[in-house]
There are 2 protein chains.
Amino acid sequence: MKRTTIKDIAQQLGINPSTVSRALKDHPDIGLALRTEIKKLADQLHYRPNHMAVYLRQQSSRLIGLIIPEVTMFFYPSVIKGIQNVLHDGGYNLIMLPSNESLEREIENIHICSENDVAGIMLAFSRYRHTAEHLSALEEIGAPVVMFDKIIDDLPYDAIVLEDFQSAYVAVKHLISTGCKRIAGIFGNQELRITQLRLEGFRQAITDSGLIYNEADVYFADSSFEAEQSAGSMMAKSPPPDGIFAMTDEIIIGSLPSIVRSGKKIPEECSVICISDGFLPYCLYPKVTFLHHDGYEVGKLAAQRMLQLIETGQFTGENYKGEVTMLKPLLIELDTTRKVENVEG
Amino acid sequence: MKRTTIKDIAQQLGINPSTVSRALKDHPDIGLALRTEIKKLADQLHYRPNHMAVYLRQQSSRLIGLIIPEVTMFFYPSVIKGIQNVLHDGGYNLIMLPSNESLEREIENIHICSENDVAGIMLAFSRYRHTAEHLSALEEIGAPVVMFDKIIDDLPYDAIVLEDFQSAYVAVKHLISTGCKRIAGIFGNQELRITQLRLEGFRQAITDSGLIYNEADVYFADSSFEAEQSAGSMMAKSPPPDGIFAMTDEIIIGSLPSIVRSGKKIPEECSVICISDGFLPYCLYPKVTFLHHDGYEVGKLAAQRMLQLIETGQFTGENYKGEVTMLKPLLIELDTTRKVENVEG
DNA sequence: TTACCAACAACAAACGTTTGCGCAATTGGT
DNA sequence: ACCAATTGCGCAAACGTTTGTTGTTGGTAA
């Protein structure tokens with residue numbers, strides 16, 4: 001059950017493969033009569049071009065490598081969806097390369113991209129320190145690179161990221177505006193740039209408001225389960241904080257149940273806010289106000305940038321430094337009963 | 001910045017490309033001295049084989065097409081992880097082809113698989129009725145197909161699925177064993193085979209236990225938000241049910257907040273159980289007992305089956321009918337305060 | 001008539017690999 | 001010192017396309 005090729009069609013019609021190739025792409029050199037005949041036969045035989053052969057000949061594939069730290073249920077599904085929708089319309093296909101949070105695997109994935117001659121690489125880095133080998137491997141590929149979400153500074157590649165500092169800052173400011181006096185925060189892995197930035201925004205918002213920043217109210221959790229632990233010990237303090245900032249969906253889903261279990265009324269006794277992709281906060285109990293970090297949008301923009309780079313070819317050259325696009329978060333208030341109202345009421 | 005090829009190496013050494021090719025794969029025909037010299041140079045030039053060319057020559061790619069209805073945060077991330085881990089170890093790469101729940105796109109995805117000459121297709125169907133065109137496209141490819149999760153009966157392909165009927169049956173039986181007298185269920189899209197099977201298990205468990213099956217206590221929801229609505233109207237009834245079965249993670253995350261909001265004590269006044277991938281039930285408040293439907297395991301098994309089929313080539317021929325593997329669910333009890341204990345206590 | 005130009009299609013090379021075959025040089029056994 | 005077997009490597013074809021060049025018609029204009 002061999003696939004039908006251009007050769008097969010040519011043979012059956014007693015003509016040359018090149019004629020078939022041209023006919024199928026409506027090259028004017030081929031007469032209309034023959035052209036339609038060829039197309040008819042191609043249809044009958046269910047001819048489909050062999051992309052491998054096309055790639056080889058044209059020295060350019062229509063495959064894009066997607067390297068992400070890990071396939072989790074948070075954030076990445078919507079990013080992938082955004083990327084996929086754009087790339088598909090551009091005629092490109094995605095090859096999935098999760099690094100399982102391993103540096104070694106990340107490098108391997110870059111090599112796989114190279115071996116498959118991808119037209120471009122979309123990249124979110126794993127949480128570990130990155131080596132020179134890493135980056136040189138990336139350079140050698142000669143394909144455009146677009147980073148997103150977890151990026152490394154000072155790399156000459158385009159990037160789409162969310163405003164981490166600003167999001168945390170706005171979130172905490174919002175908590176304070178609703179009357180919170182002592183705010184605790186639960187953060188992700190400390191090594192990550194996004195953690196550091198969000199922590200900085202958190203701190204800044206507190207000190208800017210004349211409140212006291214206390215390191216004892218800052219927690220780090222590498223998973224939802226750790227977040228649950230953190231929230232537990234947080235609420236066990238006396239007094240517990242009256243405002244809580246959760247850095248991500250992964251954090252909020254782990255910690256919210258703990259907070260609820262503590263018995264404190266939310267948001268009357270303890271306000272909770274998080275940064276989220278925009279789905280969970282609607283589903284959780286109680287509903288939580290959040291800063292919308294739109295993964296779909298990140299994916300969409302990253303993919304669009306990628307297509308642009310491929311088309312224009314403007315990603316190469318010594319002087320290309322890359323451009324970082326920052327997405328502004330949007331505050332979505334779901335807990336309408338705010339403490340300031342309580343105070344006034 | 002052209003990639004270095006075998007030709008380049010051959011030229012620099014003044015030898016034939018075939019010699020280089022053989023040397024790089026340790027063919028004994030090539031002398032040890034030359035062999036190591038070639039390898040050294042290949043290393044220096046950062047040679048990486050061009051998979052496209054290899055595929056073309058060998059008439060077999062190491063790409064696997066993954067077609068899923070949609071990239072959601074539920075179930076599929078862990079399935080993908082399972083698939084990916086196995087395939088990677090087997091030296092295969094995944095090309096992601098979400099169908100966005102569109103039949104047309106699903107067919108297109110099959111064609112993309114064909115064009116890219118994939119070594120195999122891993123397939124979860126979209127929710128819509130499937131056409132003959134669909135299936136014939138699949139047949140023509142000449143590559144093994146492994147279905148998972150959302151499958152179609154009577155197709156001559158292997159499949160890995162979860163025991164839908166059984167899971168629902170066991171779940172509901174468990175509710176009843178803890179003392180529930182009137183059990184409601186929230187289900188997904190009615191068109192889906194898994195919905196029908198789980199509904200059937202639900203019904204059967206109720207009637208088998210001598211309780212009354214009431215269609216008014218059965219709800220269908222296409223999303224978490226619809227599930228929230230359903231749970232709302234469910235709890236608004238008087239009396240509300242004292243046991244609730246949620247068909248999936250997507251359903252439970254939408255409905256649980258609604259149930260909690262109703263004010264009923266869980267599980268004392270109203271027990272909740274669901275079928276889940278195994279993550280959410282630990283995170284939600286309150287923790288919910290569930291039947292573990294392990295997406296990771298599904299992915300792993302499906303991928304292993306795929307590798308097997310590729311290796312043995314035993315997927316073709318008129319008489320091959322495919323084999324359906326059923327995964328047994330595991331009951332995980334998280335709400336330790338059970339009603340029967342209350343009754344006794 | 002000659003020359004010219006479309007129009008159409010065949011030819012052949014090329015992309016980077018792999019691989020069957022062949023050929024020379026070396027080895028070993030008599 | 002001769003044949004046979006072995007070693008080590010080159011040659012060339014092939015995978016399915018694309019594409020620049022060449023060739024063959026038939027027709028039109030000079």
Side-chain angles (χ1 to χ4, degrees), chain A residues 1-39 41-42 45-63 91 111 114-119 141-142, chain B residues 1-39 41-42 45-63 91 114-119 141-143:
Chain A
M1 180 85 74
K2 210 174 63 66
R3 292 251 310 279
T4 47
T5 73
I6 279 194
K7 282 186 181 176
D8 298 331
I9 299 177
Q11 215 159 17
Q12 279 197 40
L13 259 46
I15 58 179
N16 195 279
S18 63
T19 305
V20 176
S21 172
R22 283 192 243 260
L24 290 178
K25 21 182 70 60
D26 278 321
H27 193 294
D29 264 14
I30 310 301
L32 202 59
L34 182 54
R35 224 193 290 176
T36 51
E37 191 185 359
I38 290 174
K39 285 187 181 175
L41 184 58
L45 299 181
H46 297 111
Y47 170 73
R48 304 229 132 237
N50 182 330
H51 279 179
M52 302 293 163
V54 176
Y55 295 168
L56 186 60
R57 171 64 222 239
Q58 302 193 332
Q59 293 292 78
S60 78
S61 83
R62 296 186 81 80
L63 254 33
H111 287 155
S114 164
E115 288 165 356
N116 282 84
D117 226 344
V118 297
I141 286 200
Chain B
M1 179 84 75
K2 209 175 63 65
R3 290 251 309 280
T4 48
T5 72
I6 280 193
K7 282 185 182 176
D8 298 332
I9 300 177
Q11 215 159 16
Q12 280 198 39
L13 259 46
I15 58 178
N16 195 279
S18 63
T19 305
V20 177
S21 172
R22 283 191 246 259
L24 290 177
K25 18 182 72 60
D26 278 319
H27 194 293
D29 265 13
I30 310 301
L32 202 59
L34 183 55
R35 225 192 289 177
T36 50
E37 190 185 1
I38 289 174
K39 284 186 181 177
L41 184 58
L45 300 180
H46 297 111
Y47 170 73
R48 305 231 130 238
N50 183 329
H51 278 178
M52 302 293 162
V54 176
Y55 294 167
L56 186 60
R57 170 64 222 234
Q58 302 193 332
Q59 292 293 77
S60 77
S61 83
R62 295 186 82 81
L63 254 32
S114 164
E115 288 165 358
N116 283 83
D117 227 343
V118 296
I141 286 199

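By convention in this document, chain letters (A, B, ...) are assigned in the order of the sequence lines, proteins followed by strands, and residues within each chain are numbered from 1. Both backbone and side-chain heavy atoms feed into the values below; hydrogens, waters and symmetry mates do not.
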Q: Could you state the CD1-P distance from B:I6 to D:dG10, rounded to the nearest angstrom?
A: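 From B:I6 CD1 to D:dG10 P: 13 Å.
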
Q: Please tell me if the side chains of B:I15 and B:V20 come closer than 4.5 Å, counting only heavy atoms from C-beta onward.
A: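 Counting from C-beta outward, B:I15 and B:V20 do come under 4.5 Å.
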
Q: Once rounded to the nearest 0.5 Å, what's the spacing between atom CD1 of A:I38 and atom CG of A:L41?
A: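 It comes to 8.5 Å.
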
Q: Rounded to whole angstrom units, what separation is found between the CG atom of B:L45 and the P atom of C:dG16?
A: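 Roughly 14 Å, once rounded to whole Å.
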
Q: Among the candidates C:dC11, C:dT19, D:dG16, find the nucleotide nearest to the side-chain atoms of A:R22.
A: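 Looking only at heavy atoms from C-beta outward on A:R22, the closest nucleotide is C:dC11.
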
Q: Please list, chain by chain and in numerical order, all residues satisfying side-chain hydrogen bond (donor to acceptor under 3.5 Å, both in side chains) with A:S21, sequence neighbours excluded.
A: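 side-chain hydrogen bond (donor to acceptor under 3.5 Å, both in side chains) check on A:S21 returns nothing, list empty.
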
Q: Which pairs, with at least one residue in residues 27-38 of chain B and sequence neighbours excluded, count as a salt bridge (charged side-chain N to carboxylate O under 4.0 Å, His left out)?
A: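 Checked against salt bridge (charged side-chain N to carboxylate O under 4.0 Å, His left out) - neighbours excluded - the pairs reaching residues 27-38 of chain B are B:D26-B:R35.
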
Q: Give a yes or no on whether a donor-acceptor pair under 3.5 Å exists between the nucleobase atoms of D:dG16, that is its base, and the side chain of A:R48.
A: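 A donor-acceptor contact between them is absent.
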
Q: Mind calculating the distance between CG (B:N50) and P (D:dC15) to the nearest angstrom?
A: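 From B:N50 CG to D:dC15 P: 18 Å.
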
Q: Show the nearest heavy-atom pair for residues B:V118 and B:S61, with the distance to one decimal.
A: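 Taking B:V118 first and B:S61 second, the nearest heavy atoms are CA-OG, 3.6 Å.
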
Q: Check the phosphate of D:dG16 against B:Q59, side-chain N and O only, distance under 4.0 Å to OP1 or OP2. Yes or no?
A: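 True: B:Q59 side-chain N/O within range (under 4.0 Å) of D:dG16 OP1/OP2.
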
Q: For the backbone of B:R48 and the side chain of B:R3, can you confirm whether one donor and one acceptor N or O come within less than 3.5 Å of each other?
A: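 Yes, the answer is positive, given that a donor and an acceptor are paired below the 3.5 Å cut-off.
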
Q: Would you say a side-chain N or O of B:Y47 is under 4.0 Å from OP1 or OP2 of C:dT17?
A: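 The answer is yes; a side-chain N or O of B:Y47 sits under 4.0 Å from OP1 or OP2.
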
Q: Mark yes or no for a side-chain to base donor-acceptor pair under 3.5 Å between A:T5 and D:dC15, with no hydrogen or angle criteria applied.
A: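 There is none.
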
Q: If you look only at pairs with a residue in residues 6-15 of chain B, which of them pass as a salt bridge (charged side-chain N to carboxylate O under 4.0 Å, His left out), with sequence neighbours excluded?
A: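 Of all non-adjacent pairs touching residues 6-15 of chain B, those that pass salt bridge (charged side-chain N to carboxylate O under 4.0 Å, His left out) are B:K2-B:D8.
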
Q: Specify the separation, in whole Å, of atom CD1 of A:I38 and atom C1' of C:dA10.
A: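 So the CD1-C1' distance, A:I38 to C:dA10, works out to 12 Å.
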
Q: Counting only heavy atoms and a strict 4.0 angstrom limit, can you tell me which residues of residues 24-33 of chain A come near DNA chain C?
A: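 Per residue number, the list reads A:P28, A:D29, A:I30, A:G31.
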
Q: Closer to the 5' end of DNA chain C via nearest nucleotide, is it B:S18 or B:L56?
A: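 Its nucleotide being nearer the 5' end, the pick is B:L56.
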
Q: If the condition is side-chain hydrogen bond (donor to acceptor under 3.5 Å, both in side chains), which residues does A:R62 pass it with, not counting sequence neighbours?
A: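 With sequence neighbours excluded, A:R62 shows a side-chain hydrogen bond (donor to acceptor under 3.5 Å, both in side chains) to no residue whatsoever.
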
Q: Just to be sure I understand the rule, does A:R35 reach a base, reach only the sugar-phosphate, or reach nothing, if contact means heavy atoms closer than 4.0 Å?
A: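 The residue A:R35 makes no contact with any strand.
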
Q: When you measure from the side-chain N and O atoms of A:T19 to the phosphate of C:dA10, is any distance below 4.0 Å, counting only OP1 and OP2?
A: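 Yes.
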
Q: Kindly give the heavy-atom pair with the smallest separation between B:N116 and A:M52, and that separation in Å.
A: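 Smallest interatomic distance, heavy atoms only, reads O-CE, 2.9 Å.
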
Q: Please give, in whole Å, the distance from C:dC15 C1' to B:Y55 OH?
A: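 Computing the B:Y55:OH to C:dC15:C1' distance gives 16 Å.
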
Q: Got a sec? Which of residues 8-17 of chain A come in under 4.0 Å of DNA chain D, heavy atoms?
A: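 Nucleic-acid contacts, sorted: none.
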
Q: So which nucleotide from C:dG16, C:dT19, D:dT17 ends up closest to the side chain of B:Q58?
A: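 Of C:dG16, C:dT19, D:dT17, C:dT19 is nearest to the side chain of B:Q58.
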
